[in-house]
Amino acid sequence: MPIHEKSLIRPENLHVQEEKEVDGVDVSGHWSTFIETRVVNDYNEALEDEIGALPGGDYIHRCWQCGSCTNACTVHALNPDFNPRYWIYLIRMGMESELLRDKDIIWQCVSCHKCTHVCPRDVVPEGVMKATAHWLELKGHTPKSPSTVFDDIFSEQVIKTGKIEDGRVIMQFFKRTGQKFPPPWMVDMVKSLLRNLPIGLLTKMGMATLVAPKTSGWSKSRDAIEEYVAELEGRNREALGLDELVKAAENEIGPGSGPQEART
Amino acid sequence: MTDKKTKYQEVAYYPGCALEGSGHAYNRSTKALGKKLGLKLKEVDNWNCCGAMEVKNIDPKIQTYLSSRVMSIAANQMGMDTVMAPCNGCYHNLKRAEYDLSNDEDSVAVTERLSSKSGHEAYKAGQVETIHALDWIKDAIGEEELAERVKNSLKGMRIANYYGCMYTRPRHIFPEKDQGPDSESTSKPHFMDDLLAAAGAENVEFPLKTACCGGAHTLSDSDTSTRLVLNIIRAAEAAGAEVIATECPTCHGGLELHQIRAESVLGIKTNIKVIYFTQLLGMALGLKPKQVGLHENVSDSFGFVKEKGLA
């Protein structure tokens with residue numbers, strides 16, 4: 001049985017009549033179980049190509065569905081709904097609505113590389129998870145995940161200065177995700193650190209959060225990478241047809257209020 | 001002397017961003033250990049971030065360029081043939097860049113383009129060998145010589161060796177691993193075990209050596225990271241360990257941070273100490289705890305090392 005057919009026997013698709021008689025035979029309860037008819041007519045034939053066009057998704061077409069990725073997966077062990085093999089299957093079949101059921105957990109891949117390590121087909125499932133999470137965000141199915149916000153802050157700092165400073169990244173992350181800084185457990189951690197730290201080192205660490213470390217002569221690299229990123233973003237938008245989507249939305253509900261505007 | 005032994009006496013040192021920030025203890029102890037053993041480190045001039053686990057999510061090719069720039073400076077400007085990176089993230093990314101630049105034309109094209117616009121020579125695959133701090137000590141010194149130099153044996157210290165994800169996975173970027181008994185294993189790494197055993201430690205049988213600590217989502221999905229860290233800590237404690245020895249600033253920081261978070265959020269208290277392998281080896285060779293940055297760890301192990309006769 002193809003694995004997506006599991007969805008046919010989800011509790012909400014099973015119907016049982018408590019009291020039922022057919023031709024004088026009592027078929028009450030589970031004797032009258034029937035599975036709701038399901039016709040899949042919302043295939044998105046472009047789904048695999050779109051996700052395959054985003055960075056990380058390049059090798060999704062190689063998958064043979066052996067399941068090694070899910071078997072090895074760190075997050076699957078914590079949450080059985082986190083299932084890379086299943087998602088790769090859905091993407092390749094174009095079953096978008098089924099994929100969207102799991103849209104809020106796909107970003108939780110921790111990049112431990114166990115899947116890529118064991119994959120016999122070099123699919124790089126870890127990259128596919130990232131590409132899928134980005135696809136969901138770019139298409140407006142989900143807001144930017146905390147992980148993407150973190151990646152953005154981190155990458156912006158690297159591209160701007162050539163280096164990062166942990167403290168600045170952390171503070172920015174809490175600010176941009178609207179969380180209170182610092183959380184109580186972090187206060188406990190800092191207290192633990194302060195027990196043994198000499199004052200000189202503390203001052204140095206404090207200064208580092210104020211004055212960003214820099215790679216000198218980085219400006220040319222910065223410009224080159226920024227130019228590359230701009231091209232990349234253009235390619236991603238094109239692969240996903242985002243500009244057409246925005247135009248279509250504008251035609252429908254009037255200019256300026258397209259849902260994609262704020263997100264990109 | 002073997003080729004590697006000669007080659008690794010002087011290496012280019014790539015500390016990376018974490019070792020200048022939250023992982024400073026690892027930086028201090030790596031340098032102190034090298035000095036104590038008579039090995040030379042030449043820091044890569046004007047290095048940049050390797051992209052860690054974040055930049056690849058924008059595009060892996062940008063990360064390849066970032067790592068290639070570090071290797072290009074070591075090879076073309078400093079004339080070095082070996083880059084040593086103690087951080088698993090940096091080590092992994094340099095290895096990955098090496099692999100991509102050997103196998104993927106698009107990565108080569110992007111790296112050449114960005115290098116030329118940045119005004120430096122593009123790195124070409126094969127110009128340097130990237131090694132981890134574990135390879136460095138293991139091959140430049142080795143267990144026998146290390147054992148001879150031990151002043152304060154780690155005898156009676158029960159250690160769980162934790163290697164994390166990036167040191168062994170995915171296997172294809174580490175072609176030198178899994179090459180017979182003298183090489184490192186990707187399924188059961190043992191270089192850290194070997195070195196600490198040479199310093200007298202008792203390594204426990206630890207099944208989660210290469211489990212994931214959730215370091216990539218330590219802040220963005222803290223509950224998941226706390227659960228993963230608790231798995232590791234509890235397995236180590238169940239195996240009878242008093243210490244988890246680490247070789248990566250992200251793993252080390254993650255274990256310390258979520259050990260505290262588990263206590264303050266979930267009320268689960270664990271007692272295991274988290275100490276870098278370079279700190280343990282340094283103290284075994286007679287360095288003082290502060291010389292190896294024990295005061296820079298969040299995990300407070302001063303009482304513990306004193307009890308073990310190391311301070």
Side-chain angles (χ1 to χ4, degrees), chain A residues 55-56 74-75 78 108 110-114 116-117 119 122 124 127 130 134 145-152 154-155 157-159 162-167 170 173-174 177 184-186 188-189 192-193 195-198 201 205 208 213 215-218 220-221 223-225 227-229 232, chain B residues 17-18 20-22 24 46-49 51-62 65-66 69 110 113-114 117-120 165-166 168-172 186 211-212 214-217 219-222 224-225 227-228 253 256-257 260-261 263-265 294-300 302:
Chain A
T74 296
V75 186
L78 299 177
Q108 287 181 313
V110 287
S111 294
C112 68
H113 296 300
K114 286 182 182 170
T116 305
H117 188 71
C119 178
D122 289 342
V124 194
K130 299 298 171 191
H134 282 162
S145 72
S147 171
T148 304
V149 173
F150 194 87
D151 293 341
D152 285 351
F154 193 101
S155 302
Q157 273 196 28
V158 174
I159 294 171
K163 287 187 181 179
I164 60 123
E165 195 283 309
D166 322 5
I170 293 168
F173 174 75
F174 276 84
T177 49
W185 54 268
M186 200 178 277
D188 290 346
M189 194 188 82
S192 176
L193 189 61
R195 266 201 311 265
N196 301 312
L197 266 185
L201 194 66
M205 287 168 78
T215 303
S216 66
W218 182 252
K220 280 190 197 162
S221 297
D223 295 346
I225 300 173
E227 182 191 58
Y228 177 79
V229 170
L232 176 78
Chain B
C17 307
E20 291 201 331
S22 56
H24 194 263
N46 198 25
W47 51 264
N48 56 276
C49 171
M53 285 170 288
E54 284 77 14
V55 176
K56 74 169 170 51
N57 298 337
I58 310 295
D59 185 3
K61 292 186 184 72
I62 305 175
Y65 164 69
L66 292 172
R69 181 181 177 275
V110 171
R113 170 185 154 180
L114 294 178
K117 289 203 172 176
S118 304
H120 62 81
C165 301
M166 302 291 159
T168 55
R169 286 192 298 264
R171 64 162 70 89
H172 63 260
T186 58
C212 176
H217 286 173
L219 294 175
S220 47
D221 191 5
S222 299
T224 297
S225 299
R227 285 173 73 188
L228 292 171
E256 290 183 320
L257 190 149
I260 288 174
R261 190 172 184 274
E263 191 181 341
S264 81
V265 177
L294 210 65
H295 56 298
E296 292 170 309
N297 290 355
V298 174
S299 168
D300 183 8
F302 272 99

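First the proteins, then the strands, lettered A, B, ... as listed; each starts at 1. Any value given below was found using the heavy atoms of this structure, including those in side chains, with hydrogens, waters and symmetry copies removed.
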> With respect to chain B, which residue among A:S111, A:C119, A:S147 yields the maximal number of heavy-atom pairs within a distance under 4.5 Å?
Replying inline: A:S147
> Looking at side-chain heavy atoms only, is the closest gap between A:T116 and B:R169 below 4.5 Å?
Replying inline: no
> Among A:G127, A:A224, A:G56, which has the most heavy-atom pairs under 4.5 Å with chain B?
Replying inline: A:A224
>> Among A:V124, A:D188, A:L78, A:V158, which residue has the highest count of heavy-atom pairs closer than 4.5 Å to chain B?
In response: A:L78
>> Taking the side chain as everything from C-beta on, heavy atoms only, tell me whether A:W185 gets closer than 4.5 Å to B:L257.
In response: yes
> When only pairs under 4.5 Å are counted, which of B:V265, B:N297, B:D221 shares the most heavy-atom pairs with chain A?
Replying inline: B:D221
>> Can you tell me which portion of A:I159 sits under 4.5 Å from chain B's heavy atoms? Options are side chain, backbone, both or neither.
In response: neither
> Relative to chain A, which segment of B:R171 carries a heavy atom at a distance below 4.5 Å: side chain, backbone, both, or neither?
Replying inline: both
> Who wins among B:P170, B:A18, B:S299 for the most heavy-atom pairs under 4.5 Å with chain A?
Replying inline: B:P170
>> Counting C-beta onward and ignoring hydrogens, is there a side-chain heavy-atom pair between B:H217 and A:F150 closer than 4.5 Å?
In response: no
>> Taking every non-hydrogen pair under 4.5 Å, which of B:M166, B:E256, B:M53 racks up the most with chain A?
In response: B:M166
> Where on A:Q157 is there a heavy atom nearer than 4.5 Å to chain B: the side chain, the backbone, both, or neither?
Replying inline: neither
> Do B:C49 and A:F154 have side-chain heavy atoms sitting under 4.5 Å apart?
Replying inline: yes
>> What I'd like to find out is whether the side chain of A:T215 reaches to under 4.5 Å of the side chain of B:W47, using heavy atoms alone.
In response: no
> What part of A:K163 is in contact with chain B, defined as an atom under 4.5 angstrom from a non-hydrogen atom: side chain, backbone, both or neither?
Replying inline: both
> Side chains of B:C17 and A:E165: does their closest heavy-atom pair fall under 4.5 Å?
Replying inline: no
> Which bit of A:V75 is near chain B, if near means a heavy-atom gap under 4.5 Å: side chain, backbone, both or neither?
Replying inline: neither
> Taking the side chain as C-beta and beyond, is there a heavy-atom pair between A:L232 and A:P55 under 4.5 Å?
Replying inline: yes
>> Counting heavy-atom pairs under 4.5 Å with chain A, which one of B:T224, B:L114, B:L219 comes out on top?
In response: B:L219
> Between B:L294 and chain A, which part of the residue has a heavy atom less than 4.5 Å away: side chain, backbone, both or neither?
Replying inline: neither
> Looking at A:I225, A:D166, A:D223, which has the largest count of heavy-atom pairs under 4.5 Å with chain B?
Replying inline: A:D166
>> With heavy-atom distances below 4.5 Å as the criterion, would you say the side chains of B:K117 and A:E227 are in contact?
In response: yes
> Checking B:T168 against chain A: side chain, backbone, both or neither under 4.5 Å from a heavy atom?
Replying inline: backbone
> Parallel, tilted or perpendicular: which describes the rings of B:Y65 and B:H120, with under 30° parallel and over 60° perpendicular?
Replying inline: parallel
>> Report which part of B:V55 has an atom under 4.5 Å of a heavy atom belonging to chain A: side chain, backbone, both, or neither.
In response: both
>> Run the side-chain hydrogen bond (donor to acceptor under 3.5 Å, both in side chains) test against B:T186 and tell me which residues pass, sequence neighbours left out.
In response: B:D178
>> Using the rule given for side-chain contact (heavy atoms from CB on, under 4.5 Å), can you reason through B:D59 versus A:Y228, listing the C-alpha separation, both sets of side-chain angles and the distance that settles it, and then say yes or no?
In response: CA-CA 10 Å; B:D59 185 3; A:Y228 177 79; 2.6 Å; yes
> For chain A, which of B:H172, B:E263, B:K61, B:K56 has the most heavy-atom pairs under 4.5 Å?
Replying inline: B:K56
